[in-house]
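Inspection log for the structure reproduced underneath, given as structure tokens.
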Amino acid sequence: MASGLPRFLLPASVLFLALLNLPAAEESGAATALLEFKRKLLDVDNHLSTWSSTGADPCEWAGVACSISGEVTGVTLHGLNLHGELSTAVCKLPRLSVLNVSRNALTGPVPAGLAACTALEVLDLSTNSLHGAIPPELCSVHSLRRLFLSENLLFGRIPEAIGNLTDLEELEIYSNNLTGRIPNSMRALQQLRVVRAGYNDLSGPIPVDLTYSASLEVLGFAHNHLNGTLPKELSRLKNLTTLILWQNYLSGEVPPELGDCTNLQTLALNDNAFTGGVPKELGALPSLSKLYIYRNQLDGTIPPELGNLQSVLGIDLSQNKLTGVIPGELGRIPTLRLLFLSNNSLQGSIPPELGNLQSALKIDLSQNNLTGVIPGELGRIPTLRLLFLFDNYLQGSIPPELGNLQSAMEIDLSDNVLTGVIPGELGRIPTLRLLYLFVNYLQGSIPPELAQLSRIRMIDLSGNNLSGTIPTGFQNLKWLEVLQLAYNDLHGVIPPLLGANNSQLRYLDLTDNQLTGSIPPYLCKHQKLRFLYLGWNFLVGNIPPGVKDCTTLTRLWLDNNMLTGSL
């Protein structure tokens with residue numbers, strides 16, 4: 001009889017050895033599944049070099065997370081420049097709860113077989129080049145809490161079966177080519193906090209059923225083809241912080257009931273077809289920071305109750321049909337940075353209370369029917385960078401207090417009925433890049449202090465009654481790109497050094513003045529000069545060869561002078 005263990009002990013011994021090697025067997029199974037998943041990927045930058053059959057423990061591989069007991073629970077391969085397609089082999093990992101392959105270059109469809117990942121809680125396939133439809137089979141993974149499919153090439157409808165994901169908290173499917181209606185089945189998603197589905201081709205109305213998801217905090221369907229009215233039942237969403245519906249075809253009135261969404265921080269309804277007035281109830285939203293309803297068809301007046309918005313950063317009601325006056329109560333908002341009311345039919349004067357907006361960065365009241373004077377109080381806003389009051393009926397003089405706007409970059413007071421002189425104080429604004437005062441009734445000379453605007457890029461004083469000479473100091477404005485002084489009564493010569501140091505000058509218009517003397521020969525030494533308009537003056541002498549041969553010019557107008565020679 002052969003020596004060794006008794007025959008009846010062999011099965012027990014084999015079983016004992018198998019039990020000793022059980023973790024290694026499980027580990028080998030996980031490695032096999034992960035390597036199978038890797039085989040469909042092209043690892044351009046070799047980020048998955050640790051994924052190898054010679055690797056002892058997959059829990060030590062890049063992007064792999066494991067539980068304390070050694071089971072693979074997560075695969076996170078975010079932003080690794082991976083190409084190729086998705087494999088469902090990861091669904092052989094029974095405890096996998098997180099699969100994140102976002103910000104790569106994956107192609108192909110979203111595999112329906114991912115429904116076999118029955119423990120999955122987070123699926124992030126966003127920012128790839130995946131195409132095809134959202135597989136309805138995914139809606140059988142009842143453990144899913146976060147589903148991120150944004151920024152792909154997906155098309156087709158949002159599956160009606162989405163209502164089966166009753167644990168879903170976040171759904172992000174924006175920036176695809178999805179079509180069809182928002183499913184009514186989403187009413188069943190009682191845990192849903194975030195829906196972001198903008199930049200698609202969704203159509204139909206916003207279903208009232210969505211308002212039954214009481215946990216909703218973020219609702220975003222911007223840049224779609226949604227139509228119909230905005231459900232007043234949105235007032236049920238007491239946790240709603242963000243409502244973003246811009247650039248759709250929504251119509252009807254902005255429901256006053258939105259004033260009951262007391263946690264609302266962002267309301268963006270711009271670029272739709274809303275009519276009616278701005279609801280005064282919006283002034284009761286204590287946390288509102290952004291109120292954007294521009295480019296609609298709103299009429300009526302601006303409610304003074306908006307002055308109660310003590311947390312708002314931006315109010316944009318521009319490009320509507322609003323009438324009435326600008327409420328002085330808006331000056332009570334300590335946080336306001338942006339006030340855009342342009343392109344309406346607002347009347348009356350600019351309230352001096354706006355000078356109390358000590359945090360304001362941009363004020364645009366242009367293209368209205370405003371009258372009265374420009375309040376000097378606006379010069380008290382230390383942070384103001386942009387002041388647009390153009391295309392109104394403002395009168396009186398330009399207040400010298402505007403020279404106190406030491407942060408201003410753009411001032412446009414053009415196309416009004418302003419009179420008086422240009423205050424030299426404007427030359428004290430060190431940051432100013434654009435100064436537009438054209439088409440007014442300004443008189444007097446161009447203040448030489450404007451030559452101190454060392455960062456100025458555009459000056460347009462055309463269409464006034466300015467006299468005197470062109471300040472020779474303009475030669476030092478080395479960043480000046482556009483200088484328009486046309487249609488005034490300026491006289492004297494074109495400064496001999498005008499343009500000599502203006503290496504950025506590309507547009508010079510001195511048309512229809514009383515300028516005399518000859519054309520400076522070096523104007524075309526500027527490699528960037530494209531437009532030169534000197535017509536309707538009293539210039540004499542020969543056209544300089546440098547101007548004749550200037551290859552950079554695309555427009556040259558010298559008509560109605562007393563020049564000799566030909567071009």
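Leu402 contributes atom CG, which lies 9.5 Å from atom CD1 of Ile381 (distance to the nearest 0.5 angstrom). Atom CG of Leu245 and atom CZ of Phe221 lie 8.0 Å apart (nearest 0.5 Å). Note that CG of Leu264 is 7.5 Å distant from OG1 of Thr242, once rounded to the nearest 0.5 Å. Atoms CG and CD, on Leu298 and Glu253 in that order, are 9.5 Å from each other to the nearest 0.5 Å. One finds the CG atom of Asp201 at 9.0 Å from the NE2 atom of His223 (value rounded to the nearest 0.5 Å). To the nearest 0.5 Å, the span separating CD1 on Ile315 from CG on Leu330 amounts to 5.5 Å.
A heavy-atom distance below 4.5 Å is found between the side chains of Ile173 and Ile158. When side chains are defined from C-beta on, Ile302 does not count as touching Val278, because their heavy atoms never get closer than 4.5 Å. Taking 4.5 Å as the limit, some side-chain heavy atom of Val195 sits within range of a side-chain heavy atom of Leu216. Put simply, the side chain of Val208 reaches to within 4.5 Å of the side chain of Pro231, judged on heavy atoms.
Screening Arg380, Arg332, Glu377 for a side chain to side chain donor-acceptor pair (under 3.5 Å) involving Asn356 leaves a single residue, Arg380. Exactly one of Val254, Asn227, Leu230, Asn248 qualifies for a side chain to side chain contact (heavy atoms under 4.5 Å, CB included) with Asn272. That residue is Asn248.
Sorted by first and then second residue, the salt bridge (Lys or Arg N to Asp or Glu O under 4.0 Å) pairs involving residues 336-351 (not counting sequence neighbours) form an empty list.
Scanning for salt bridge (Lys or Arg N to Asp or Glu O under 4.0 Å) contacts around Arg236 gives an empty result, with sequence neighbours left out. Every side chain to side chain donor-acceptor pair (under 3.5 Å) that Tyr294 has, sequence neighbours left out, goes to Asn270. For Asp271, the salt bridge (Lys or Arg N to Asp or Glu O under 4.0 Å) test picks out Arg295, with sequence neighbours left out. Residues forming a ring-ring contact (aromatic ring centres under 6.0 Å, His included) with Phe388 (at least two apart in sequence, or on another chain): Phe390. Residues satisfying the ring-ring contact (aromatic ring centres under 6.0 Å, His included) test with Phe438, not counting sequence neighbours, are Tyr436. Under the side chain to side chain donor-acceptor pair (under 3.5 Å) criterion, Asp415 pairs with no residue, sequence neighbours left out. For Tyr249, the ring-ring contact (aromatic ring centres under 6.0 Å, His included) partners at least two apart in sequence or on another chain are His225. Under the salt bridge (Lys or Arg N to Asp or Glu O under 4.0 Å) criterion, Glu353 pairs with no residue at all, not counting sequence neighbours. Applying the ring-ring contact (aromatic ring centres under 6.0 Å, His included) test to Phe531 and every residue at least two apart in sequence or in another chain returns Tyr507. Considering only residues two or more places apart in sequence or on other chains, Ser414 meets the side chain to side chain donor-acceptor pair (under 3.5 Å) condition with Asp412. In this view, Arg196 and Glu172 satisfy the salt bridge (Lys or Arg N to Asp or Glu O under 4.0 Å) rule, not counting sequence neighbours.
Counting all heavy atoms, side chain and backbone alike, Leu226 lies closest to Ile206 at CD1-CG1, 4.1 Å. Ile456 and Leu435 make their closest contact through CD1-N, 4.1 Å (heavy atoms, listed as atom of the first residue, atom of the second, distance). Taking all atoms of both residues into account, the shortest heavy-atom contact from Leu285 to Leu258 is CD2-O, 3.6 Å. Taking every heavy atom of both residues into account, Trp536 and Asn561 meet most closely at N-ND2, 3.9 Å. When every heavy atom of Pro471 is checked against every heavy atom of Pro495, the shortest pair comes out as O-CG, 4.4 Å. Of all the heavy atoms in Val312 and Leu291, the pair that sits closest is CG2-N, 4.5 Å.
By the neighbour-count criterion of 12 heavy atoms within 6.0 Å, atom CZ of Arg181 is sparsely surrounded, having that number or fewer from other residues, nucleotides or ligands. The local environment of NZ in Lys321 is sparse, with at most 12 non-hydrogen atoms from other residues, nucleotides or ligands closer than 6.0 Å. Residue-environment remark: CE (Met409) stays at or below the threshold of 12 foreign heavy atoms within 6.0 Å.
With hydrogens and angles ignored, the 3.5 Å screen pairs no side-chain donor or acceptor of Asn343 with any backbone N or O of Gln367. Checking side-chain atoms of Asn440 against main-chain N and O of Leu418 turns up a donor-acceptor pair under 3.5 Å. Asn200 places a side-chain N or O within donor-acceptor distance of the main-chain N or O of Asn176, the cut-off being under 3.5 Å. Asn416 contributes a side-chain N or O that, together with a main-chain N or O of Leu394, makes up a donor-acceptor pair within less than 3.5 Å. Side-chain N or O atoms of Ser235 include none that pairs as donor or acceptor with a backbone N or O of Asp260 at under 3.5 Å. Under the 3.5 Å distance criterion, the side-chain polar atoms of Asp512 are left unmatched by any main-chain donor or acceptor of Ala486. Asn296 places a side-chain N or O within 3.5 Å of a backbone atom of Leu269 that can act as its donor or acceptor partner. A donor-acceptor pair under 3.5 Å is absent between the side-chain atoms of Thr516 and the main chain of Leu539, judged by distance alone. With Lys478 contributing its side chain and Gln475 its backbone, the two residues share no donor-acceptor pair below 3.5 Å. Between the Ser150 side chain and the Tyr174 main chain, a donor and an acceptor come within less than 3.5 Å of each other.
There is no side-chain donor-acceptor pair under 3.5 Å between Glu233 and Thr211. No hydrogens or angles considered: a donor-acceptor pair under 3.5 Å links the side chains of Gln504 and Lys528. No hydrogens or angles considered: a donor-acceptor pair under 3.5 Å links the side chains of Thr564 and Asn542. There is no side-chain donor-acceptor pair under 3.5 Å between Arg193 and Asn239.
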**OP:** Determine, stepwise, if the pair Thr469 / Leu490 fulfils side-chain contact (heavy atoms from CB on, under 4.5 Å).
**Re:** CA-CA 6 Å; Thr469 60; Leu490 300 173; over 6 Å; no
Subject >> Criterion side-chain contact (heavy atoms from CB on, under 4.5 Å) on Asp460 and Val482, from CA distance to verdict >> reply: CA-CA 8 Å; Asp460 192 341; Val482 175; 5.9 Å; no
**OP:** Output, in order, the C-alpha distance, side-chain angles, deciding distance and verdict of side-chain contact (heavy atoms from CB on, under 4.5 Å) for Ile470 and Leu485.
**Re:** CA-CA 9 Å; Ile470 300 172; Leu485 305 177; 4.0 Å; yes
Original post:
Should Thr229 and Leu250 be marked as a side-chain contact (heavy atoms from CB on, under 4.5 Å) after you check the CA-CA gap, both sets of side-chain angles, and the distance that decides it?
Top reply: CA-CA 6 Å; Thr229 60; Leu250 299 170; over 6 Å; no
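Between Tyr199 and Trp246, the distance separating the two ring centers is shorter than 6.0 angstrom.
No salt bridge links Arg433 with Glu410; every basic N to acidic carboxylate O contact stays at or beyond 4.0 Å.
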